[in-house]
Trainee: 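The following block contains the structure, expressed as structure tokens.
None of the values given here were measured: they were computed from a predicted structure. In what follows, chains carry the letters A, B, and so on, assigned in the order in which the sequence lines appear, proteins first and then strands, with residues in each chain numbered from 1.
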Protein chains: 2
Amino acid sequence: MNELVEAVSKATNIRVTRKDIERVLSALLSEGDFWKAMPYMSVPFNVVAETCKFLSDKDFIWFKGSKVMWREKGNQWLNREKIQPLEPSVCSVCNGKTIDLKKYKNLLAHFKLLALKRPGAIIEYDQGYVTDETTVARVALLAQKGDIQNKEILVLGDDDLLSIAAALTGFPRKVVVVEIDSRLVNFINDVARSEDLPVEAIELDLRKPLPQNLLTSFDTFWTDPPETPEALELFVGRGIASLRGPGCAGYFGVTFVESSKHKWREFQKIIISKLNAVITDIIWNFNEYINWDYLLDSIRNDIEPLTVEPSLNWYRSAQYRIETLEDTPVFNEEATGKEIYIDKEALVYTGKHSKGSD
Amino acid sequence: MNELVEAVSKATNIRVTRKDIERVLSALLSEGDFWKAMPYMSVPFNVVAETCKFLSDKDFIWFKGSKVMWREKGNQWLNREKIQPLEPSVCSVCNGKTIDLKKYKNLLAHFKLLALKRPGAIIEYDQGYVTDETTVARVALLAQKGDIQNKEILVLGDDDLLSIAAALTGFPRKVVVVEIDSRLVNFINDVARSEDLPVEAIELDLRKPLPQNLLTSFDTFWTDPPETPEALELFVGRGIASLRGPGCAGYFGVTFVESSKHKWREFQKIIISKLNAVITDIIWNFNEYINWDYLLDSIRNDIEPLTVEPSLNWYRSAQYRIETLEDTPVFNEEATGKEIYIDKEALVYTGKHSKGSD
């Protein structure tokens with residue numbers, strides 16, 4: 001086991017503990033398939049891939065497509081190391097999201113129709129959007145928390161079309177989208193016009209400061225930052241700068257796919273000690289992404305599962321909700337020129353961006 | 001609205017924002033009942049009580065038992081202030097816990113039988129235990145995360161009898177309970193003996209350091225600290241001191257009933273920047289407490305709802321899960337003599353302890 005932990009740490013340049021690897025093995029055991037196990041992983045993608053590579057090189061496992069099969073030798077080793085499978089008990093009704101979509105059945109159907117013609121995800125802005133059910137669950141969560149009723153909402157990057165789903169409820173007074181991709185800006189504005197929704201999309205690179213009229217004007221923001229500390233601080237900082245004051249809410253997603261627990265802690269330090277907000281919720285696997293076309297072209301391909309299209313939506317993120325307090329500061333500085341998209345824990349091997357951002 | 005915010009802040013000595021009060025009003029509107037609205041509150045109990053008192057003094061509302069009825073004058077004010085009800089969408093199957101108990105049906109039935117003879121909750125140790133379903137959901141969560149299989153678990157304070165439910169799965173190698181109440185110590189040891197479970201309960205006041213043989217020996221800890229920063233640091237610190245090293249997991253609950261968001265942030269700072277752990281999950285309302293006998297004797301009674309027994313289990317806490325990292329330090333100092341149980345956000349007006357601790 002020590003050899004495995006060291007090999008993976010060295011190959012990925014990510015600090016990995018024995019416990020991390022034990023949980024990877026437990027998830028592989030319970031799910032039996034590389035992609036199916038991914039939602040249960042709490043380490044970056046490359047740690048999982050390196051672990052599988054090591055086990056395969058040792059002849060502990062072999063692959064049948066994306067399935068992970070254990071050889072006798074591997075099973076003996078698992079026994080010696082006392083590794084047992086995870087025992088998932090994810091609620092089959094809400095998929096662990098905590099939220100029931102019953103109230104939003106009609107809205108979901110309507111939203112699905114509108115979303116059919118959305119622009120496809122492109123690698124240039126590292127897009128990749130969540131399922132329609134996830135988008136509507138976000139709306140339900142906003143309404144449960146009182147963060148949408150009669151509120152003004154800013155969505156920073158919206159390839160998920162949250163703005164449209166939110167406005168369809170009739171709850172928000174106004175939804176503003178800032179988005180770098182002009183295809184999305186046009187699509188959202190077109191739908192808003194044809195459906196008569198209080199939604200306005202504006203083309204903007206978030207590395208640039210927010211325009212004056214978007215500062216301290218909103219009740220709630222939603223964003224999906226690229227997973228580097230710089231990007232998180234920038235996106236969430238912009239979100240906070242847009243809020244009216246204390247007690248307002250912000251929402252964003254963070255994955256384990258691209259962020260180790262060290263990075264998670266760094267994110268949490270930024271939120272709590274730099275942006276001076278408080279975390280009220282971290283809902284595991286709340287956000288479920290639809291598999292995007294360019295996945296297999298953008299990742300490593302040195303083990304068989306990574307050459308096989310995933311049979312489920314494997315890429316998930318935890319939903320963070322934060323609230324501002326009296327001492328939450330306003331940051332709105334320029335951040336162009338900085339590399340904010342990629343670090344050693346990123347999923348992509350090529351390309352410039354990290355999933356879920358825009 | 002400003003008058004209300006100021007009056008409540010002054011009367012409770014808790015910093016309250018306009019948004020906080022708006023959410024209190026929204027929850028009262030959607031639930032229509034003081035106790036039923038409590039699970040949706042994200043401010044301390046006394047803030048809710050003061051808000052109701054203010055509204056009643058203004059003749060905006062009147063009470064019918066624990067029901068909150070709005071007068072014409074109150075409704076007009078709500079309209080002017082643009083307050084709308086919350087729209088709860090809590091999953092009806094898992095109650096928002098994220099966890100399905102299907103796999104644990106037999107275990108739950110067995111546990112219910114064993115728990116029937118548990119010692120009652122007493123104010124001396126500020127007890128109050130969670131529903132049997134909550135205890136079993138905790139076990140399911142442990143198993144889903146891989147924190148129980150073949151693991152050694154320390155439970156710091158166990159009026160919830162988690163140790164017994166956990167051991168009934170057959171998963172853990174060993175469960176040790178440290179508990180101040182000798183009635184519980186004896187009960188747990190008796191059940192362990194008669195059911196042949198790998199559980200051992202030890203009488204210990206957690207303000208005293210953990211004995212040497214409990215240090216750096218466990219994979220997972222579970223605790224339910226009193227809700228002051230001192231107590232949280234002490235209980236979670238003790239838990240961490242019991243863990244083998246990085247990558248181990250700790251679980252504890254935090255309420256809004258007794259902790260404002262300012263205190264929540266203080267707790268988060270302690271976890272992240274002092275105990276150097278990372279928060280992996282915050283599951284809203286995961287822990288559901290059974291109403292305890294001494295509730296109405298221990299709280300204020302200046303408005304009618306507070307003289308009426310709650311018709312549901314209103315006291316909830318969010319479930320935190322943390323993991324240790326390489327730099328998580330070990331604290332095990334003596335803390336006797338310090339007041340760790342009560343502060344201005346506590347539920348009780350008299351008595352010495354805060355709910356859920358032991």
Trainee: Sub-3.5 Å donor-acceptor pair from the side chain of B/Lys103 to the main-chain atoms of A/Pro88, do we have one?
Mentor: yes
Trainee: Does any non-hydrogen side-chain atom of A/Lys82 lie less than 4.5 Å from one of B/Lys151?
Mentor: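 No, every pair of side-chain atoms sits at 4.5 Å or beyond.
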Trainee: Keeping the roles fixed (side chain from A/Gln268, backbone from B/Val278), state whether a donor-acceptor pair exists under 3.5 Å.
Mentor: no
Trainee: Based on non-hydrogen pairs under 4.5 Å, which of A/Ser92, A/Cys91, A/Gly245, A/Ala140 is most in contact with chain B?
Mentor: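 Max contact count across the listed options: A/Cys91.
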Trainee: Do B/Glu323 and A/Trp264 have side chains that get closer than 4.5 Å, going by heavy atoms?
Mentor: no
Trainee: Are A/Arg15 and B/Glu326 packed together at the side-chain level, in the sense that at least one heavy-atom pair is separated by less than 4.5 angstrom?
Mentor: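 A/Arg15 reaches B/Glu326 side chain to side chain.
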Trainee: Under a 4.5 Å heavy-atom cutoff, which of A/Gly247, A/Ser89, A/Ala143, A/Gly96 has the most pairs with chain B?
Mentor: A/Ser89
Trainee: Heavy-atom distance under 4.5 Å between the side chains of B/Ser26 and A/Gln149, does that happen here?
Mentor: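 Heavy-atom side-chain distance check fails, nothing below 4.5 Å.
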Trainee: Would you call A/Asp219 and B/Lys19 a side-chain contact if the rule is heavy atoms closer than 4.5 Å?
Mentor: yes
Trainee: Nearest 0.5 Å, please: how far is CD1 in A/Ile271 from CD1 in B/Ile272?
Mentor: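 Result: 9.5 Å between the selected atoms.
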Trainee: Within a reach of under 6.0 Å around NZ of B/Lys36, are more than 12 heavy atoms found that belong to other residues, nucleotides or ligands?
Mentor: no
Trainee: With A/Arg265, which of B/Asn276, B/Asp327, B/Thr280 fulfils side chain to side chain donor-acceptor pair (under 3.5 Å)?
Mentor: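 Only match with A/Arg265 under side chain to side chain donor-acceptor pair (under 3.5 Å): B/Asp327.
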Trainee: Is there side-chain contact between B/Arg23 and A/Asp147, with heavy atoms separated by less than 4.5 Å?
Mentor: yes
Trainee: Is B/Ala27 in contact with chain A via its backbone, its side chain, both, or neither, using a 4.5 Å heavy-atom distance?
Mentor: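 Looking at B/Ala27, nothing touches chain A.
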